[in-house]
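In this text, all values refer to a predicted model and were calculated from it rather than measured experimentally. Just so you know, these numbers use all the heavy atoms, side chains as well, and skip hydrogens, waters and symmetry mates.
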Amino acid sequence: MTMNTDTARRELSLHTLFDHLEPAQQQQAIDRLLEGESWDSVAKRVNQWVEEADWEASAMAQSQ
């Protein structure tokens, strides 16, 4: 079964922290899936991006 953009977006939204990403990173994750990268690899990367963004935001808040 070939995955399309809408299916990729829906699946990432359901099973990862995808909705917390910036639009450019969301598109990058979708593109990776559509290019054939494994689901596990993309899901792990999406969650890492969100964790990194949260850590950076927390560090900036603490430094103020």
Any side-chain heavy atom of [X] within less than 4.5 Å of one from [Y]?
X	Y	value
F18	Q25	no
L17	H20	yes
H15	W39	yes
Q26	E22	no

Can T16 and N47 be counted as having a side-chain donor-acceptor contact under 3.5 angstrom?
no

Minimum heavy-atom distance A8-I30, with the two atoms named:
CB-CG2, 4.1 Å

Minimal non-hydrogen separation, A29 against V42, with atom names
O-CG1, 3.7 Å

Would you give the length of the straight line joining atom CG of L33 to atom CG of L12, rounded to the nearest 0.5 angstrom?
5.0 Å

Rounded distance [0.5 Å steps], CG in N4 versus CZ in R10:
7.5 Å

T7 (side chain) donor-acceptor with M3 (main chain) under 3.5 angstrom
no

